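In what follows, a single structure is set out as structure tokens and then discussed.
A quick note: this is a predicted structure, and the numbers were derived from the prediction, not measured. Start at 1 and go down the list; that is how both ligands and their atoms are numbered. Scope of the values below: all heavy atoms of this structure, side chains included, with no hydrogens, waters or symmetry mates.
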Amino acid sequence: MSLIDRIIRSDIHSQSAYHVPDASGCVKLDAMENPYSLPNALRSALGQHLAQVALNRYPVPSYTLLKQKICRTFGVPDGFDVILGNGSDELISMLSVACARRDLDVPARVLAPVPGFVMYAVSAGLAGLDFIGVPLRPDFTLDRAAMLAAIEAQRPAITYLAYPNNPTGTLFDVADIVAILQAVGQTGIVVVDEAYQPFAQTSFMSRLPEFENLVILRTVSKLGLAGIRLGYMSASTALLAEFEKLRPPYNINVLTQATAEFLLDHVAVLDAQAALIRVERERLTQELTALSGVQIYPSAANFVLLRVTDADAVHARLLQQRVLVKNVGKMHSLLQNCLRVTVGTAAENTQLLQALAVALSS
Ligand SMILES: *Cc1c(COP(=O)(O)O)cnc(C)c1O
């Protein structure tokens, strides 16, 4: 038996690490990043602010000022606090570990509509929870009856709803989400993942006081700060107190902390960029609709999902023209021949549309 076989879990040994393709020289429309940079004056001021940070000191792990600014800026209701994560990915891991009870006959369950955000299933598996995916309808709307039946049968500890959903861009119905919150009741938590809130402009945040089992998950990544890795999560005081025990004490580094504290005072800059992206999403949607050989799905996020006749070929031909999009065609049977395209700047979107016209005609 080799060292690896002796010590590494077999399910981990058989997995491959998360792969990110090389995007150098490409128009990068694969990862839902905000394409804009900060204005020069703001960058200089931020640089000066960061120069004052004591890099020799550990962060102060209460993060009081940053949490206050997040609560104020992003509409966390009075009486509710947040927990910070190194991206919302870390918060998802904390939720999985917290609910991975070891005193049950069968593993606790995590439920989410599929196709959905892959980290829910990955994180559940790593923590030893069973993941149950409930297929969306073919038009990517939520199958309410199937969700309620699965909740009744499986009694999941965690139900995830990405609002809007990735990779489909769908904004699920408020009434369906409320029905799920009520059906789950006291038997589990419902995590409404609002990573794309800046583009959907709707939220369950203000409804936290109504539902004891509601957890709101957010990130600053899609708003324009993917590089600093900062997510936050709100829920009842009792739930947050438990999740806080799983947070590595210094998980938010001082540069992330200082950058976020500084930029949240200038969030209007990021909000204006999100508004530009929403305008471009509408233009991109219209122009893609006009292309023959492309089916496009309505999106409330900063990306659009489209279906072509041969996603592998179109993806490769786009890459030849140095346009990188995400081929999600093999992620789930409902996504056959689908590509996910992040909304870029006006110039980038024009480049995509031109490259796509070439790719579809060759
Ligand atoms: C991008 C994304 C996240 C991840 O956010 P990070 O904070 O960058 O880790 C979470 N949920 C969904 C649905 C996403 O698409």
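No more than 12 heavy atoms of other residues, nucleotides or ligands lie within 6.0 Å of CZ in Arg57, so this atom counts as exposed by the packing criterion.
Take Gln295 and apply the side chain to side chain donor-acceptor pair (under 3.5 Å) test, not counting sequence neighbours, and it matches Tyr297. For Asp265, the salt bridge (Lys or Arg N to Asp or Glu O under 4.0 Å) test picks out Lys69, with sequence neighbours left out.
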Would you mind writing out a table of all protein N or O atoms found under 3.5 Å from any N or O atom of ligand 1, naming both atoms and giving the distance to 0.1 Å?
from, atom 1, to, atom 2, distance (Å)
ligand 1, 5 (O), Ser88, OG, 2.9
ligand 1, 7 (O), Ser88, N, 2.7
ligand 1, 7 (O), Ser88, OG, 2.9
ligand 1, 7 (O), Thr219, OG1, 2.5
ligand 1, 7 (O), Ser221, OG, 3.3
ligand 1, 8 (O), Ser221, OG, 2.6
ligand 1, 8 (O), Arg229, NH1, 2.8
ligand 1, 8 (O), Arg229, NH2, 3.4
ligand 1, 9 (O), Ser88, N, 3.2
ligand 1, 9 (O), Asp89, N, 3.2
ligand 1, 9 (O), Asp89, OD1, 3.3
ligand 1, 9 (O), Arg229, NH2, 2.8
ligand 1, 11 (N), Asp193, OD1, 3.4
ligand 1, 11 (N), Asp193, OD2, 2.6
ligand 1, 15 (O), Asn166, ND2, 2.8
ligand 1, 15 (O), Tyr196, OH, 2.6
ligand 1, 15 (O), Lys222, NZ, 3.2

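Between Thr159 and Tyr120 the shortest side-chain heavy-atom distance does not fall below 4.5 Å.
If you chain together ILVMFWY residues whose side-chain heavy atoms come under 4.5 Å of each other, Leu319 ends up grouped with Leu324.
Relative orientation of the Phe262 and His266 rings is tilted, given thresholds of 30° and 60° on the angle between their planes.
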